[in-house]
Amino acid sequence: QVQVVESGGGLVQPGGSLRLSCAASGRTFSSAAMGWFRQAPGKEREFVAVRRWSGSTSSYGDSVKGRFTISGDNSQNTVYLQMNSLKPEDTAVYYCAVSTTRYLGAAYVGYFQPTSYDYWGQGTQVTVSS
């Protein structure tokens, strides 16, 4: 059993910042990447960011590029999401997920799909409102 736990959500005013944390633990597993997704009411789950342990590289969804930063520690199976310049449209439940799939080369775009992840957290609410 693998547990994925997110923390750090809350209410913030437009233009503000929040930092989300995620830790995965449990039975032995080898993660290839950890990512963040979000889902607003009535909308599909949206890719936010992924940290790939191979090469320590990151990718972002178009709507958060330049505002959000993902970082993490492979040895601890932890990942963080620093969110700056928050907008009301960033309001959603944010989910952390772990992928054991190792995509090579340009195939890394596979991490943009929720189906590439094996373990998910319960989610943490982020609300951006004045």
Side-chain angles (χ1 to χ4, degrees):
Q1 188 75 10
V2 175
Q3 295 82 39
V4 181
V5 179
E6 308 99 333
S7 62
L11 173 64
V12 63
Q13 292 187 342
S17 299
L18 276 178
R19 186 175 187 248
L20 305 183
S21 300
C22 174
S25 62
R27 68 171 180 83
T28 301
F29 65 97
S30 179
S31 69
M34 292 181 69
W36 289 96
F37 288 76
R38 66 186 183 186
Q39 190 164 19
K43 294 188 177 181
E44 292 187 352
R45 193 162 293 193
E46 177 190 13
F47 168 74
V48 175
V50 62
R51 182 71 171 172
R52 305 188 297 278
W53 300 133
S54 176
S56 297
T57 54
S58 304
S59 299
Y60 299 90
D62 288 341
S63 61
V64 306
K65 282 180 182 176
R67 299 188 298 122
F68 290 12
T69 302
I70 189 171
S71 61
D73 185 339
N74 186 11
S75 65
Q76 300 294 322
N77 282 311
T78 57
V79 69
Y80 308 95
L81 187 68
Q82 178 66 43
M83 305 185 294
N84 299 329
S85 301
L86 283 161
K87 306 174 182 179
E89 50 264 44
D90 293 318
T91 296
V93 177
Y94 283 70
Y95 296 91
C96 176
V98 177
S99 175
T100 61
T101 301
R102 300 185 186 280
Y103 289 108
L104 301 179
Y108 76 91
V109 295
Y111 290 126
F112 299 176
Q113 301 301 321
T115 51
S116 292
Y117 293 80
D118 306 279
Y119 308 104
W120 290 82
Q122 293 299 307
T124 184
Q125 177 70 46
V126 171
T127 302
V128 185
S129 175
S130 55

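Side-chain atoms are counted along with the backbone in the values below, which use heavy atoms only and exclude waters and symmetry mates. Model, not experiment: these values are computed from the prediction.
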Please identify each residue that fulfils side-chain hydrogen bond (donor to acceptor under 3.5 Å, both in side chains) with Arg45, with sequence neighbours left out. Gln39

Excluding sequence neighbours, so at least two apart, what forms side-chain contact (heavy atoms from CB on, under 4.5 Å) with Ser129? Leu11, Thr127

Results of side-chain hydrogen bond (donor to acceptor under 3.5 Å, both in side chains) for Lys65 - residues two or more places apart only: Asp62

Once side-chain hydrogen bond (donor to acceptor under 3.5 Å, both in side chains) is applied, do any residues pair with Asn84, and if so which ones, sequence neighbours excluded? Ser17, Gln82

Could you verify whether a donor N or O on one side chain and an acceptor N or O on the other, from Ser63 and Glu46, lie under 3.5 Å apart? yes

What closest approach, in Å, do Val93 and Gly123 show between heavy atoms, and which atom pair accounts for it? CG1-CA, 3.8 Å

Considering residues at least two apart in sequence or located in another chain, which fulfil the side-chain contact (heavy atoms from CB on, under 4.5 Å) criterion with Thr101? Ser99, Tyr103

Show your working on side chain to side chain contact (heavy atoms under 4.5 Å, CB included) between Arg51 and Ser59 and close with a plain yes or no. CA-CA 7 Å; Arg51 182 71 171 172; Ser59 299; over 6 Å; no

Salt bridge (Lys or Arg N to Asp or Glu O under 4.0 Å): pairs with one or both residues in residues 88-97, sequence neighbours excluded: Arg38-Asp90, Arg67-Asp90

Taking all non-hydrogen atoms of both residues, which atom of Tyr80 and which atom of Gly72 are closest, and how far apart? CD1-CA, 4.3 Å

Hey, what do you get for CZ (Arg19) to OG (Ser7), rounding to the nearest 0.5 Å? 9.0 Å

Under the ring pair (Phe, Tyr, Trp, His ring centres under 6.0 Å) rule, what pairs show up with a residue in residues 33-64, not counting sequence neighbours? Phe37-Phe47, Phe37-Tyr117, Phe37-Trp120, Phe47-Phe112

Considering all heavy atoms, the nearest Ala49-Leu81 contact: CB-CD1, 4.2 Å

If you look at every heavy atom in Pro14 and Ser130, which pair is closest and at what distance? CD-N, 3.7 Å

What residues join Val5 in its hydrophobic cluster, counting side-chain heavy atom gaps under 4.5 Å, either direct or through other members? none

Do you know which two heavy atoms are closest between Leu18 and Leu86, and how far apart they sit? N-CD1, 3.8 Å

Going by side-chain heavy atoms closer than 4.5 Å, which hydrophobic residues are tied to Leu104, directly or by a chain of links? none

List the steps, then state whether side chain to side chain contact (heavy atoms under 4.5 Å, CB included) holds for Cys96 with Val79. CA-CA 8 Å; Cys96 176; Val79 69; 3.8 Å; yes

Could I get the full list of side-chain contact (heavy atoms from CB on, under 4.5 Å) partners for Thr124, not counting sequence neighbours? Glu6, Leu20, Tyr94

Shortest non-hydrogen contact from Ala24 to Met34? CB-CE, 4.3 Å

Applying side-chain hydrogen bond (donor to acceptor under 3.5 Å, both in side chains), can you list everything that pairs with Thr57, at least two apart in sequence or on another chain? Arg52

Taking Thr78's backbone N and O only, do any of them form a donor-acceptor pair with Asp73's side chain (distance below 3.5 Å, no angle check)? no

Hey, what do you get for CG (Asn77) to SG (Cys22), rounding to the nearest 0.5 Å? 9.0 Å

May I have the step-by-step check of side chain to side chain contact (heavy atoms under 4.5 Å, CB included) for Val126 and Thr91, ending in yes or no? CA-CA 5 Å; Val126 171; Thr91 296; 5.9 Å; no

Atom CD of Gln3 with >12 non-hydrogen neighbours under 6.0 angstrom: yes

For Gln13, what residues pass the side-chain contact (heavy atoms from CB on, under 4.5 Å) criterion, not counting sequence neighbours? none

Should Val48 and Met83 be counted in the same cluster of Ile, Leu, Val, Met, Phe, Trp and Tyr side chains packed under 4.5 Å apart? yes

